[in-house]
Structures are given as C-alpha cells and as structure tokens.
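Lettering of chains follows the sequences in order, A, B, ..., and the numbering in each one begins at 1.
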Amino acid sequence: MKKFIGLMMAILLTLAGCTTTSSEANQIVNVYSSRNYDVDKDLLVAFEQQTGIKVNLIEGKGDELLERINREKANPIADVFITVGGEHIYYAQQNQLLMDLDHSPYQANVSDRLLGRDWVALTQRARVMIYDVDAPLDFDVKSYDDLANEAFASSVLSRSSTSSYNIALLAAMIQREGLVKAEAWAQGVTKNFAQTPTGNDRDQAKFVMSGLGKVAIMNTYYIARLAQSSDQEEVKVAERIGVIYPENTHMNISWAAMIKDSKNQQAAQKLIHFLMENEAQSVYATKNGEFPVLAGVELSPILAKYGEFDFEEIDYEQLGSYVIEAVKIFDRVGWN
Amino acid sequence: MKQSKWLFGISGSFFGLFILFVIFEAFLRLFTPPSQSWAHIVEFMLPNMIESTLILAITTGMLTAIIGFTLAYFVTVFDFWGRKWMQLLLFIPLAIPPYILTYTLSSMFSYTGIVQTFFRNTLQLSLPGTFFHLPPMPLAIYVFVSTLFPYVYITSLGFLKRMLGNYVETALTMQKSYGQIFKDIALPLSMPAILAGVLLVVLEVIGDFGVVMYLNIPAFSTSIFRSWVSLGDFDSALRLSAVMMGFVFLFLMIVGFFKKKTGRILPSKPRNLKRKKLTGLQGVAMSTLFITILTLFLVIPVLQLLFWSWASYANIRWTMFINALVTTLISSVLISGLIVVIALLISTDHRIFSNLRTSILTKISILGYSIPGSVVAMLVLFFFIQISSWLKFPLHTSMSMLVVGLVIRYLGLGIQNIAGGYRKIGTRYHEAAQTLGKSYLKAWVTVDIPLLLPALLSGFALVFIDVIKELPLTLNLRPFNYHTLATQVYQYASDEQVIEAAIPSLVIILLSALLIWLITYPMMKEDV
Amino acid sequence: MYCQLKDISFQYDEQPIIHHFSMSIEKGTITAILGQSGRGKSTLLRILSGLERPSEGVMILDQETIIDQNTYVESSKREVSLVFQDYALFPHMTVYQNIAYGIRRLNRKDKHRMISDLLEATQLTAFSKRYPSQLSGGQQQRVALARALAFSPKLLCLDEPFSNLDSELKADLRVWMKAWFKKQGITVVLVTHDKEDALLMADQIIDMDA
C-alpha cells in the first residue's frame with residue numbers, strides 16, 4: 001500500500017513538474033485567457049511559430065482569472081490577461097493589476113475609445129435587436145427604449161441577467177443615462193417578456209423563429225457563429241434574422257493587458273502587438289465573426305451585410321463601476 | 001499492534017484537519033459583519049434560492065427514489081424478456097453528465113433541433129413554438145432524475161438481491177400479491193438502502209452548477225456565483241456557502257435519523273429469490289417499460305450526440321483532442337485512486353476508534369461534496385497562495401492545487417462507499433484474524449482489504465465518473481496548458497457550439513460507462 | 001388421501017435433485033422427512049409450497065389437483081405455509097403485526113381474537129409489541145409458527161424447525177408442538193436431519209437416505 005501511494009505521489013509530482021513555470025530568459029509568455037475559442041488557440045500557436053516564444057495558457061472565466069491574478073499580486077504568474085467584457089477593466093485598474101503598454105505599432109489605426117494606458121481592445125461585438133424577417137415588426141424600432149414599448153407586450157426575449165452581456169449592457173446604460181432611466185428601462189423590458197429568461201444567445205434567435213416572441217436581444221457575434229454552424233438548420237435561422245442596430249448600440253469588447261510586475265514583459269508586449277496585427281485581426285473578424293478594432297480590416301460577410309451603425313461612446317474604464325448597480329436593478333425589477 | 005492502529009488515527013486526523021483548515025474560511029465569514037450587498041441578497045435572492053433548491057432537491061429525491069427502487073424491485077422479483085442485459089444497462093445513464101444532457105435536450109427541442117425540424121420539414125406541420133417549449137424547472141428535474149436515478153437503483157438492487165429472498169417467499173405462501181409485498185415488505189425493509197442512494201442524488205443536485213446555470217434557475221450555486229461574480233462580493237458568496245452547508249448538515253442528520261430508525265437486523269442466511277417469470281401480456285408490458293426508460297434516458301441522448309459527432313468531426317482539432325483525452329485519462333485515474341486511498345484511511349480510522357473525533361472527521365470530509373465546486377476552488381486557491389508565500393515557492397501553479405481541490409470535493413463520495421463496505425463486512429472476520437495472532441495491520445491487509453475490494457472498486461468508479469466530468473475546480477485550479485475533455489465540452493458549450501461539444505461529450509460518457517460496466521458486471525454475474 | 005405426491009422429479013442446473021419421488025399424507029398427521037443435507041429435503045418443501053416447479057410429477061391436495069401435466073397452481077393460490085429455517089420474521093413488524101400479516105378474510109374483531117388466541121397458545125402475549133430482534137430463538141420460532149397458522153393453511157411445512165435452538169429448549173418445544181398440532185388437527189410436513197426429532201414427533205417417517 002505504501003509503495004502504491006509513493007508511486008502515485010511520484011507520478012503526480014512529475015505531472016506537476018511538467019507544468020510549473022519558471023522564467024528563463026524571455027522565451028516564454030504566460031497567458032490567462034477567458035477567450036476559450038479555437039481561433040484564439042490557433043493564433044497563439046501561430047505566435048509561437050513566428051517568434052519561437054513558448055506560450056503557456058490557462059483558460060477560465062474572466063472574473064475568476066482576474067480574482068486569481070489579484071491573489072497572486074505579490075508574485076505574479078501571468079504575463080498577459082485576455083478576456084471578454086470591458087466591465088472587467090475597472091476591477092483590474094482598481095486593484096492595480098496592470099502595467100502600461102506600448103501602443104505605438106497600432107495606435108494610429110485604433111479609435112481612442114478602444115484603448116487605455118494599460119489595456120487595448122482586441123475585438124468588439126454589438127448587442128443588437130433581432131426579429132424574424134418572415135414576420136416583420138409592426139413599427140419602426142430605433143432604440144433599446146422601444147423594447148419597453150407597450151406594443152411589444154409579451155413579445156420580448158432575452159437571456160438571463162446572469163449573462164455578463166446583459167449586465168454590461170445595463171451598466172453602460174447607467175453610465176450614459178443614469179440610474180433612474182436605466183431602471184425604468186429594465187422594468188419596461190421585464191414587463192414585456194414573452195417568457196422567463198432562459199437559454200443562451202443562440203436560443204433567443206431560435207425562440208424568435210419558433211414564434212415564442214417577436215424581438216430578442218442578441219450579440220452579433222452569435223449571429224455570425226450561427227451562420228457558420230455545422231447544423232444546416234442553424235444556418236437557415238441565421239439567414240432569417242433581421243438585425244436592428246439601435247441608436248447607441250452597445251459594444252462589448254474583448255481586451256488584452258500586461259500584468260504588473262510581469263516576469264516576461266518583452267514577450268508579453270510582443271504577443272499583444274501580434275494580436276493587433278492585420279492578420280490576427282482578420283482571423284478574429286472572418287473566422288470568429290467579431291468586429292475588428294484595427295481600421296481597414298475586412299468584416300465577415302454576414303456582419304458586413306448589416307452595414308454601418310451608430311454605436312455608443314462610453315468610458316470602458318468606468319463601466320465596471322456600474323455593474324453592482326446593474327445587478328441590483330435586475331433583481332429589483334425581477335429580470336431573472 | 002497498538003502503533004499500527006494509531007497510524008490510521010494520525011493519518012485520518014491529518015486529512016480531516018487539513019480539509020477543515022482549507023474550508024474554514026467559509027465559516028469564519030459567518031462571524032464577520034455582513035457586507036453592504038448582503039441585505040440585497042437576503043431580500044432579493046435568498047427566498048428564491050431556498051425555494052428552488054428545495055423544489056429541485058425534494059422532487060428529484062422523490063422521483064429517483066420511486067423510479068430507482070421500483071425498477072430494482074421488478075428486476076429482483078420478475079423475469080422477463082431482456083432482463084439480464086437491461087438490468088445492467090440501467091446503470092449507464094449515470095455516465096451522462098447532467099450538464100451535457102441539458103444542452104442536448106434543449107438543443108433537440110429547440111427550433112433547429114430534430115423534434116421541431118421533423119414536424120416542420122418532414123410532416124409539414126407548423127405547430128406553435130410554445131408547443132415544444134421546455135420550461136426550465138421541469139427540464140432540470142427531468143435531467144437530474146434521468147442521470148441520477150441509477151444511484152438509488154444501485155443501492156436498492158444490491159440490497160434487494162442479497163436480502164429479500166426468504167421474506168418474499170414467506171409472503172408469497174401467505175397469498176400476498178407482488179404489489180402487497182412491494183408495499184408491506186420490500187419498501188420498508190429497503191428504506192436505508194434507498195436513503196443512501198437518495199443522499200447521493202440530493203448532494204449531486206445541490207452541488208450542481210452546469211444545469212441550473214444553463215437553465216437560469218436561481219438555485220444555491222447560481223446565487224453563490226451571482227453574488228460573487230456579478231456583485232463582486234466574495235464574502236457574501238462564502239456566507240451563502242456556509243448557509244448551504246448548514247442545510248446539507250441538517251439533511252445529513254435527517255437521513256441519519258431515518259436510517260437509525262429503519263435499520264434493523266436482517267436474516268442470517270440471505271438467499272437469492274426465485275424470480276417469477278412474466279409471460280404473455282404482463283411480460284410484454286414489463287419489457288416495454290424497461291425499453292421505454294432506457295430509450296428515454298440513454299438511447300435518445302446518445303444517438304443525438306452520435307449524430308452531432310458525425311456532423312462536427314471536421315471541425316475538431318484532433319491533436320488538441322488527443323492531448324485532452326490522454327490528460328483526462330491519466331489524471332482521472334490517478335486522482336480517483338488517491339481519493340479512494342485517503343477515504344480508506346479515514347474510514348478505517350473511524351472504524352477502529354469510532355468516537356466523537358472520528359465521526360466529526362467523517363462528517364467534515366463529506367462536507368466538501370456539498371459545497372459548489374467553484375467555492376471549493378476559491379478556498380483552495382486562497383489556501384495555496386498563502387502557503388506559497390510562506391514557503392516562497394509557487395505551489396499554486398502546480399498540479400497539486402487541482403489535486404487537493406478534487407480530493408476535498410469528492411472525498412465524501414469515496415467515504416460513503418467505503419464506510420458502507422465496512423458496515424457490510426462487520427468486524428467478525430477481522431477479529432477472527434486477530435485471534436489467530438495477526439497484528440492489526442496484518443489482519444487489515446490480509447482480511448479486510450480483500451473483503452472491501454468491491455466497495456473500493458465501486459467507490460473508485462463513482463469518484464471517477466465525477467472527476468472526469470468535473471468543471472469548476474478544473475477550470476479554476478488547473479496548471480498551465482492543462483485541458484481535459486470536460487474543459488473542451490465547456491469551451492464549446494459556453495461558445496454556444498453544442499454540436500462541436502458532442503465528440504468530447506460522447507467520449508466522457510463512453511469512458512464512464514465502461515467503468516460502470518466493468519464494476520457492475522461481476523456483481524451482476526453472480527446471479528443470472 | 002389428503003395430500004399426494006406422485007413421481008415428482010426436480011433438476012437444478014441439469015443436476016437431478018429429486019428423482020421420481022412419491023408420498024401420501026393423511027389429514028391431521030405429522031410427516032417427518034429425514035435425510036442428510038443435499039438430499040433435496042428443503043427442495044421438496046419448496047415444491048409443496050409452490051416456490052419451485054418440478055420437471056414432472058403430480059401433486060394433489062385436498063382433492064384438488066395442484067400439479068400435473070396441464071395444471072400448475074401458483075404458491076399464492078395453494079394455501080400451503082412454509083416456515084423457513086431462519087424463520088424470516090419481518091424485522092420491521094412487531095410480533096403482533098407479523099402474525100396479523102398472514103390472516104385472510106376476517107373482520108377486525110375476529111382477526112384480533114384469532115391473534116390473541118395464537119399469542120396465548122404460543123405463550124407470546126407479553127411480547128406482542130416487541131420486534132423480532134428483541135426475541136430469543138425459541139420465541140422467534142413460536143412467532144413463525146403462529147404466523148404460519150394464522151394463515152389457516154391446508155398444509156404446514158417446517159424446514160429444520162429445531163436447528164437453531166439449544167437442546168433443552170428443543171425438547172420442550174417438540175412436546176408442546178406435537179400436542180398443539182394434534183389438538184388443532186393441523187396437517188404438518190417437517191424436514192429434519194435429526195432422527196430423534198422424527199421419531200418423537202411424526203406419525204409417518206420418510207427417509208430420503210434410503
């Protein structure tokens with residue numbers, strides 16, 4: 001028995017040994033990422049091949065990874081943090097987890113609202129309203145406010161308020177228009193729900209197509225992904241989606257940053273620059289259906305089809321400070 | 001002789017205290033002043049949370065008890081077409097992770113799923129979308145019942161096969177029907193076995209995260225997650241966990257009470273029952289019942305996953321997949337083995353001394369099974385970062401952190417099994433060996449361990465199928481470049497690519513099923 | 001003839017256990033079946049009570065054909081009681097409940113009277129509220145008998161009724177049982193490996209070793 005335990009310990013330790021990290025020269029970069037997509041992994045491999053720098057990756061949920069970075073502050077492990085959701089910047093800055101970046105290679109081609117001293121957006125997704133083109137809406141919908149209109153009684157669909165996309169949407173609304181208006185809006189939308197929020201973004205599109213409601217809140221990202229689905233029925237759904245970009249369309253960003261006191265700063269900086277290059281941005285746009293942040297990169301055909309639109313101008317660094325209020329509003333108005 | 005006993009006492013105490021040490025932070029929060037979000041949580045989240053958790057736990061517990069026990073009874077007293085292999089297949093739904101079944105069923109019944117497309121495209125029938133809509137709560141209950149009923153089925157079957165023979169035959173000669181025997185004899189006698197199964201079911205339901213999160217049911221684990229992630233209030237999350245552990249403790253006590261009340265002596269000579277052969281309409285009806293249950297709970301989801309695997313195999317990154325498969329296999333086997341060994345030490349400690357210390361240690365070790373994985377993950381992470389800063393060595397980037405997390409989370413499951421095994425063999429054989437001049441350790445190794453082997457194996461299997469599908473701990477505590485099949489499923493599912501998740505899902509199910517099969521087959525083979 | 005077995009054969013896993021066995025039993029008599037273990041004594045009782053089905057043969061009980069080529073009456077329709085060697089008292093029921101469980105077709109009052117009579121006859125009145133686990137071996141044996149008789153069977157089968165009892169208790173119980181069976185006019189078949197049991201109790205002895 002003792003031998004058995006000993007053997008097992010030995011194997012476990014070897015396993016552990018393979019994965020511990022030390023920073024010899026600048027040949028490695030440790031990445032914490034909540035962008036758990038295949039294209040992101042492809043990009044990291046491409047980076048390894050191009051530069052010879054080994055990329056170590058831990059994937060997880062954004063909030064949990066950030067919590068972990070905060071706990072590791074005294075002796076940071078991560079060099080680069082990549083996540084979905086602009087609302088996390090606030091927490092990262094408040095806890096002084098990030099360090100200044102060199103934006104020089106791409107600064108000229110990126111809008112000022114998409115980068116800060118110590119962070120840069122990688123991609124954007126628009127949170128839009130969708131309907132079934134075979135069942136056109138009765139009136140001209142222009143803004144998020146219209147979702148609270150009585151004409152939409154029992155016909156609005158959305159996923160739950162646990163979704164970080166919805167939380168960011170409402171937080172942005174609080175930032176732009178204030179608490180009172182945001183709460184009234186959430187109240188109005190909740191009253192118009194066709195059903196208790198359930199399912200994910202793709203499900204909302206399917207609910208619309210099956211006639212459970214007339215209009216749904218959805219990310220453009222998932223529309224593009226539906227169009228590329230392995231399932232022909234899903235592709236058909238994507239083709240039937242009518243998209244409304246409201247005034248001040250909420251833009252959800254993915255962003256990257258370098259961790260303070262990172263041990264592999266040069267490599268970290270290189271990786272971020274790599275992700276901001278034309279090639280990487282084009283992969284994000286065409287293969288993953290996101291809006292690139294770099295000017296001049298071509299959109300995926302399905303998103304290009306929907307044309308130009310009016311997006312919101314918010315301060316992403318402050319967005320996170322409204323999250324708690326947003327969650328409390330959701331609870332108060334009963335948006336599950 | 002004395003020293004070898006204390007070996008168990010010391011190792012048992014060490015692991016128990018270690019766990020207590022790690023999860024202690026959650027209890028400490030109960031005595032700190034509440035944060036400002038706490039009032040909000042109590043007003044808006046707590047009532048919903050308690051209500052939905054109770055509904056889920058009670059309904060699932062009852063339904064699994066009814067289904068699991070009834071099927072076990074039928075298989076024990078009746079013989080009918082297909083019984084031999086269907087009684088084994090009924091274990092397999094346990095291999096389907098509940099969150100995978102949730103994605104699968106939701107997608108099947110969605111607008112693009114097979115059900116609606118069949119009506120729409122094949123039958124040219126346009127039925128309203130509400131017709132196919134699966135409401136979240138019933139769907140969650142369905143998922144839990146269909147994947148967890150084997151827990152009750154297993155415990156009941158083990159009991160019925162060994163214990164029922166003489167009682168049923170006595171009642172049969174008294175002109176009692178099989179219905180009366182079910183109600184008057186089998187059910188009351190099997191209560192402890194049923195409760196043992198229901199206990200596991202309820203703990204799984206309370207600890208679940210994937211299902212309630214996907215379906216947006218405000219249960220304990222979703223609320224804990226919400227207060228932590230959305231409200232950024234980790235203190236309140238821990239406070240909620242502590243409340244939840246209180247519930248679980250209460251539940252354990254209630255179950256313990258009922259067990260004590262119903263646990264009476266059993267006949268000295270258990271014998272297999274001669275099954276009544278069902279013929280004609282009765283036989284057809286019984287076989288149909290079993291086929292229906294297997295089709296609903298096993299065949300349909302697996303077929304759907306197979307179909308999706310075929311549709312998506314071109315999109316799978318195979319090197320990544322193979323890598324994840326190898327990692328999953330190695331780590332699940334090693335970690336499950338480690339958990340069984342520690343569970344064995346703690347159970348043996350309790351068996352030798354069986355005093356207040358050991359019974360508290362056992363209860364502590366079971367606690368981890370009831371805390372949501374993500375909370376265990378944070379507690380373990382804090383603990384390791386503390387230790388690392390003392391030792392000035394980054395322990396928390398190694399595999400050890402994940403191992404500790406999984407041990408804490410699933411130790412209870414192992415202990416449940418092994419403690420049950422100890423109860424079954426009693427101390428007679430051990431004492432016989434000791435009177436033959438064997439030391440405690442020697443008697444333990446040569447007599448108890450071989451007798452315990454079935455319990456050790458089934459403990460290993462049950463832990464394995466939990467570890468292989470585990471998500472929150474793996475996501476939070478894993479070292480660099482560590483991917484498992486479950487994290488692949490999670491990756492695709494969280495990106496709403498359910499179809500791409502099919503292949504890793506199927507492999508998880510297959511591996512778990514294989515293990516269940518290996519362990520139940522010899523058990524079932526004894527009596528065909 | 002009250003009960004008759006003719007040419008009964010039984011196989012288990014293609015091993016013949018009983019081979020062309022015949023016997024006749026008069027009403028109100030005690031028949032002892034004697035033999036070493038492994039001779040199919042217990043199997044014979046299981047065939048009588050309908051728990052096993054013989055491969056061939058005829059059984060007649062109280063002028064009714066129970067088993068022949070075209071007939072097979074299930075155990076639940078036969079009215080033959082079997083007391084197991086380990087008694088199989090229901091552990092979750094009290095002595096009273098155990099006895100009550102076998103009673104058929106009686107109203108509550110008559111049922112209670114019958115149980116009281118049985119408890120008195122078996123000297124168990126004081127133990128009626130106890131559970132089987134709280135009784136001695138001899139007491140358990142008497143509860144099992146009372147329960148079997150409460151059913152008013154046409155035939156009472158006893159499988160090694162004294163094997164779990166010490167010799168002193170056994171002597172007392174044998175005498176008491178025989179007297180009681182005779183008084184009530186019960187037809188009994190008992191199986192034993194002890195010649196003394198057979199000689200003392202039975203009107204007819206069938207030796208399976210012969």
Does B:Tyr429, at its OH atom, have more than 12 non-hydrogen atoms belonging to other residues, nucleotides or ligands within less than 6.0 Å? no
Side chains of B:Lys276 and C:Glu74: closer than 4.5 Å at any heavy-atom pair? yes
So what's closer than 4.5 Å to chain B heavy atoms on C:Phe90: side chain, backbone, both or neither? both
Would you say C:Tyr87 and B:Thr170 make side-chain contact, with heavy atoms under 4.5 Å? no
Heavy-atom closest contact (C:Leu82 atom, B:Thr173 atom, distance): N-OG1, 4.0 Å
Rounded to the nearest 0.5 Å, what separation is found between the CD atom of C:Glu79 and the CD atom of B:Gln175? 5.0 Å
Within a 6.0 Å radius of atom NZ on B:Lys277, are there more than 12 heavy atoms belonging to other residues, nucleotides or ligands? yes
Might you confirm whether atom NZ of C:Lys182 has over 12 heavy atoms from other residues, nucleotides or ligands at distances under 6.0 Å? yes
B:Glu169 and C:Arg46, any side-chain heavy atoms less than 4.5 Å apart: yes
Would you say the side-chain atoms of B:Lys176 pair up with the backbone N or O of C:Tyr101, donor to acceptor, closer than 3.5 Å? yes
Count the heavy atoms of every other residue, nucleotide or ligand shown that sit under 6.0 Å from NZ of C:Lys178, and state whether that count exceeds 12. yes
With side-chain contact (heavy atoms from CB on, under 4.5 Å) as the criterion, how do C:Arg147 and B:Met174 come out once you've worked through the C-alpha distance, each side chain's angles and the decisive distance to 0.1 Å? CA-CA 9 Å; C:Arg147 184 175 70 179; B:Met174 290 177 176; 3.1 Å; yes
Tested for side chain to side chain contact (heavy atoms under 4.5 Å, CB included) against C:His92, the lone hit among B:Leu187, B:Leu189, B:Asp184 is B:Leu189
For the CD atom on C:Glu120, are there more than 12 heavy atoms of other groups (residues, nucleotides or ligands in this structure) within a distance under 6.0 Å? no
